[in-house]
Amino acid sequence: MRNRDNTGQSSNPQLKVEVRRSARRRRTVSAYRDGDTLVVLIPASMSRAEEQHWVAEMERKLQRTETKRASPARESDAALLARCAQLSARYLDRQALPASVRWVPPMRTRWASCTPADRTIRVSDRLQNVPAWVLDYVLVHELAHLRVAAHNAEFWELVRRYPKTERAIGYLEGLSAAAGWGISELDDD
């Protein structure tokens with residue numbers, strides 16, 4: 001593993017870079033993030049100059065992708081509340097407006113929770129780095145609890161107004177399994 005120095009490789013000092021060379025790889029270059037490490041896969045035949053070029057290029061591409069996927073709601077509690085208002089208007093006929101929404105330290109068994117009596121929603125900060133569409137699903141799920149407390153047919157009818165419901169549930173199940181968190185539902189009844 002190589003940690004890139006400030007000679008132009010990594011613009012992010014916290015980002016470690018691991019370059020993996022493969023004799024089977026002929027022309028393609030690919031990259032992915034593994035925690036705080038950028039893993040770049042390149043052909044074994046590439047020169048050090050080509051390696052440096054591709055590491056920088058893949059870091060730029062990864063940054064663009066992550067910026068595009070990130071939800072502005074992850075910036076603050078106020079941004080979460082504003083996003084809830086947008087989602088309520090779009091999917092729940094403006095009939096599910098919380099009094100407060102806030103990020104909280106990681107919950108052991110939930111992604112988020114809602115207390116309909118005082119109209120508050122709490123969202124685990126484990127979700128701050130998920131794609132925007134996944135966070136939107138979690139927020140719609142909790143907003144639906146402001147109208148229907150139980151996980152019954154009426155509740156799921158409201159939640160499924162959000163078009164990426166099933167996809168987001170799958171994403172969260174995969175995230176939980178990969179991290180070993182054991183979170184299987186958004187909240188308990």
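The two residues D125 and P106 come nearest to each other via the heavy atoms OD1-CD, 3.1 Å. Of all non-hydrogen atoms in L38 and A31, the two that sit nearest each other are CD1-CB, 3.9 Å. The two atoms that bring L158 and A144 nearest to each other are CB-CB, 4.2 Å, heavy atoms only. Shortest non-hydrogen contact noted between R108 and I183 is O-CG1, 3.8 Å. Contact between I42 and V40 at its shortest, heavy atoms only, is CG2-CG1, 3.7 Å. For the pair A85 and L97, the tightest heavy-atom approach, listed with the atom from each and the gap, is CA-CD2, 4.1 Å.
Within the structure, salt bridge (charged side-chain N to carboxylate O under 4.0 Å, His left out) contacts touching residues 84-93 (residues at least two apart or in different chains) are D93-R161.
Under a 4.0 Å N-O distance rule, the pair D136/K164 does not qualify as a salt bridge. A salt bridge links E166 with R160: the distance from a Lys NZ or Arg NE/NH1/NH2 to an Asp or Glu carboxylate oxygen falls below 4.0 Å.
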Using the side-chain contact (heavy atoms from CB on, under 4.5 Å) rule, take Y32 and L41 through it: C-alpha gap first, then chi angles, then the decisive distance, then the call. CA-CA 9 Å; Y32 62 91; L41 310 170; 4.2 Å; yes
**Message:** Between H151 and H145, does the side-chain contact (heavy atoms from CB on, under 4.5 Å) criterion hold? Intermediate values first, please.
**Reply:** CA-CA 8 Å; H151 285 115; H145 278 306; 3.3 Å; yes
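Annotation: ring pair (Phe, Tyr, Trp, His ring centres under 6.0 Å) contacts of W103 (sequence neighbours excluded): none. Applying the salt bridge (Lys or Arg N to Asp or Glu O under 4.0 Å) rule to E50 yields no partners; only residues at least two apart in sequence or on another chain are considered.
For Q95, the CD atom sits in a packed shell: over 12 heavy atoms of surrounding residues, nucleotides or ligands are nearer than 6.0 Å.
Although no hydrogens or angles enter the test, the distance criterion places no donor-acceptor pair under 3.5 Å between the side chain of S124 and the main chain of L127. For S176 (side chain) and E173 (main-chain N/O), no donor-acceptor pair under 3.5 Å exists by modelled atom type. Between the S22 side chain and the R24 main chain, a donor and an acceptor come within less than 3.5 Å of each other. With E142 contributing its side chain and I121 its backbone, the two residues share no donor-acceptor pair below 3.5 Å. Side-chain N or O atoms of R26 include one that pairs as donor or acceptor with a backbone N or O of A23 at under 3.5 Å. In this structure a side-chain-to-backbone donor-acceptor pair under 3.5 Å is missing from R119 to A99.
With a 4.5 Å cut-off on side-chain heavy atoms, R126 and M107 do not count as touching.
Using a 3.5 Å distance cut-off with no hydrogens or angles, the side chains of R122 and T120 do pair a donor with an acceptor.
If you chain together hydrophobic residues whose side chains sit under 4.5 Å apart, M46 and V39 never meet in one group. Placement of V29 and V19 within a single hydrophobic cluster is found when ILVMFWY residues are connected by side-chain heavy-atom separations under 4.5 Å, directly or transitively. In terms of hydrophobic clustering, with Ile, Leu, Val, Met, Phe, Trp and Tyr side chains grouped at heavy-atom distances under 4.5 Å, W156 and V140 are assigned to a common cluster. There is a path of hydrophobic side-chain contacts, each under 4.5 Å, that joins L92 to F155. Hydrophobic clustering, with ILVMFWY side chains joined whenever heavy atoms are under 4.5 angstrom apart, groups L62 together with M58.
In summary, of the residues considered (W111, Y137, W133), a ring-ring contact (aromatic ring centres under 6.0 Å, His included) with Y171 occurs for W133 alone. Checked options L172, L175, I169, N129; the residue passing with V134 is L172 (criterion: side-chain contact (heavy atoms from CB on, under 4.5 Å)).
Note that OG of S30 is 10.0 Å distant from CZ of R20, once rounded to the nearest 0.5 Å. Between the OG atom of S100 and the CG atom of D77 there is a distance of 8.5 Å, given to the nearest 0.5 Å. Rounded to the nearest 0.5 angstrom, E157 CD and R147 CZ are separated by 9.5 Å.
Aromatic ring centroids of Y162 and H141 lie 6.0 Å or more apart.
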